Amino acid sequence: MPLDPLPAGQLAAVVTSLEMRARPRPAPMPASPLRLVRWTAPTNDAYRTLFRRVGSPWLWFSRLAMAEEELAAILADPAVELFAVADPRGIEVGMLELDFRRPGECEIAFLGLVPDLAGQGHGHWLMANALAMGWRAGVERMWVHTCTLDHPGALAFYRRSGFTPYALAVETFADPRIAGLLPRDAAPHVPLIAPDPA
């Protein structure tokens, strides 16, 4: 099969969408010293600061490129529930965003922890909280998506959590490091190929 080259400065990712159509069986909440702190309409700057801390290693950029008014509207929407993950000192070390804007559905829009917490079981605690809060009266489906730029264990983690893949798509976009949305040294595992200066 021929390869379709990307122009310098562009990236591509395979996006996997996953869903869960039945509430999982009740189970004990995993132990964790972390806690969830509800954010009610945080400022764009506060939100983006945590978004960068959690997502820079995986090139999360969508909310960084969004217009100010559009982001503010999402953050203030009562159907979007935002949580910071705080450690015992009160330092924000992760985020959870549940989107209930589609009737009967809950999207896990963002779920993540800072890289220093990877591999310690905190992700299971965070997912257990997401599922407990997402499966509420009237919700018939929870869904989430991940991509090949995400943590290499993300897809398997979602599947172990009970989600089933249902769609694949290829996304191409301008490298957010070149645009200045993220530091140029973010996600060093993803080659940064800048276009030649004009």
Side-chain angles (χ1 to χ4, degrees), residues 13 15-24 29-30 32 34-87 90-114 117 122-147 149-151 154-155 157-158 161-167 169 171 173 176 181-182:
V15 179
T16 302
S17 296
L18 305 99
E19 65 182 0
M20 185 185 295
R21 290 195 168 268
R23 181 191 299 265
M29 183 66 66
S32 175
L34 306 177
R35 61 188 174 91
L36 289 176
V37 179
R38 178 71 187 269
W39 272 4
T40 304
T43 66
N44 286 5
D45 286 345
Y47 177 89
R48 284 178 170 144
T49 295
L50 184 56
F51 188 90
R52 281 189 180 94
R53 287 186 63 212
V54 174
S56 287
W58 319 114
L59 295 184
W60 290 10
F61 74 94
S62 59
R63 295 293 171 81
L64 306 178
M66 193 173 278
E68 295 295 321
E69 316 79 53
E70 186 180 358
L71 178 58
I74 292 171
L75 301 183
D77 194 316
V80 177
E81 298 184 6
L82 306 167
F83 300 86
V85 178
D87 72 6
I91 297 172
E92 294 167 347
V93 293
M95 66 186 305
L96 172 63
E97 183 173 330
L98 300 176
D99 188 336
F100 295 92
R101 289 179 292 175
R102 292 184 185 179
E105 297 188 4
C106 173
E107 177 191 2
I108 301 177
F110 295 100
L111 179 149
L113 298 164
V114 295
L117 295 179
H122 301 303
H124 296 287
W125 167 84
L126 186 54
M127 176 58 78
N129 276 279
L131 295 175
M133 291 185 291
W135 282 108
R136 59 182 61 171
V139 170
E140 299 174 350
R141 175 180 182 256
M142 287 189 70
W143 67 283
V144 66
H145 64 265
T146 186
C147 78
L149 296 178
D150 207 346
H151 186 285
L155 180 57
F157 170 73
Y158 290 130
S161 299
F163 289 89
T164 302
Y166 70 91
E171 178 184 27
F173 51 91
L181 297 172
L182 291 169

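What's counted below: heavy atoms across the whole structure, side chains too, no hydrogens, waters or symmetry copies. Owing to the predicted nature of the structure, the values given are computational and were not obtained by experimental measurement.
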**Item:** Option among Leu98, Leu75, Ile74 that satisfies the side chain to side chain contact (heavy atoms under 4.5 Å, CB included) test with Val80
**Value:** Ile74
**Aromatic plane relationship, Phe110 with Phe51 - under 30° parallel, 30 to 60° tilted, over 60° perpendicular** = perpendicular
Minimum-distance pair of heavy atoms, taken over all atoms of [X] and [Y]:
X	Y	answer
Pro42	Leu82	CD-CD1, 3.6 Å
Ala132	Met29	CB-CE, 4.4 Å
Ala86	Val37	CB-CG2, 4.0 Å
Leu96	Leu126	CB-CD1, 4.1 Å
Val54	Gly112	CG1-C, 3.5 Å
Trp135	Arg21	CH2-C, 3.7 Å

[X] side, atom [atom1]; [Y] side, atom [atom2] - distance, nearest 0.5 Å:
X	Y	atom1	atom2	answer
Asn44	Leu71	CG	CG	4.0 Å
Leu111	Glu97	CG	CD	10.5 Å
Leu113	His122	CG	NE2	7.5 Å
His124	Asn129	NE2	CG	13.5 Å
Leu59	Asp150	CG	CG	10.0 Å

**Asked** If we ignore angles and hydrogens, is there a donor and acceptor under 3.5 Å between the side chains of Ser17 and His145?
**Response** no
**Tyr158 side chain to Glu19 side chain, donor-acceptor N/O pair below 3.5 angstrom** = no
**Request:** Kindly determine whether Val85 and Glu92 satisfy side-chain contact (heavy atoms from CB on, under 4.5 Å), including the steps that lead there.
**Result:** CA-CA 6 Å; Val85 178; Glu92 294 167 347; over 6 Å; no
Answer yes or no: is there a side-chain heavy-atom contact under 4.5 Å between [X] and [Y]?
X	Y	result
Phe61	Ser56	no
Met95	Trp60	yes
Cys106	Asp99	no
Arg23	Leu131	no
Met20	Thr164	no

**Asked** With sequence neighbours excluded, what pairs up with Glu105 under the salt bridge (Lys or Arg N to Asp or Glu O under 4.0 Å) test?
**Response** Arg102, Arg141
**Message:** Could you walk me through whether Phe100 and Glu107 satisfy the side-chain contact (heavy atoms from CB on, under 4.5 Å) test, starting with their C-alpha distance in whole Å, then the side-chain angles of each, then the deciding distance to 0.1 Å, before giving a yes or no?
**Reply:** CA-CA 7 Å; Phe100 295 92; Glu107 177 191 2; over 6 Å; no
**Message:** Walk me through whether Arg35 and Phe83 qualify under side-chain contact (heavy atoms from CB on, under 4.5 Å).
**Reply:** CA-CA 9 Å; Arg35 61 188 174 91; Phe83 300 86; over 6 Å; no
**Item:** CA sep, side-chain torsions, deciding dist, call: Phe163, Val144, side-chain contact (heavy atoms from CB on, under 4.5 Å)
**Value:** CA-CA 8 Å; Phe163 289 89; Val144 66; 4.0 Å; yes
**Asked** Which pairs with one or both residues in residues 69-85 pass side-chain hydrogen bond (donor to acceptor under 3.5 Å, both in side chains), sequence neighbours excluded?
**Response** Glu81-Arg136
**Request:** Measure from the ring center of His151 to the ring center of Phe157 and say whether it is less than 6.0 Å.
**Result:** no
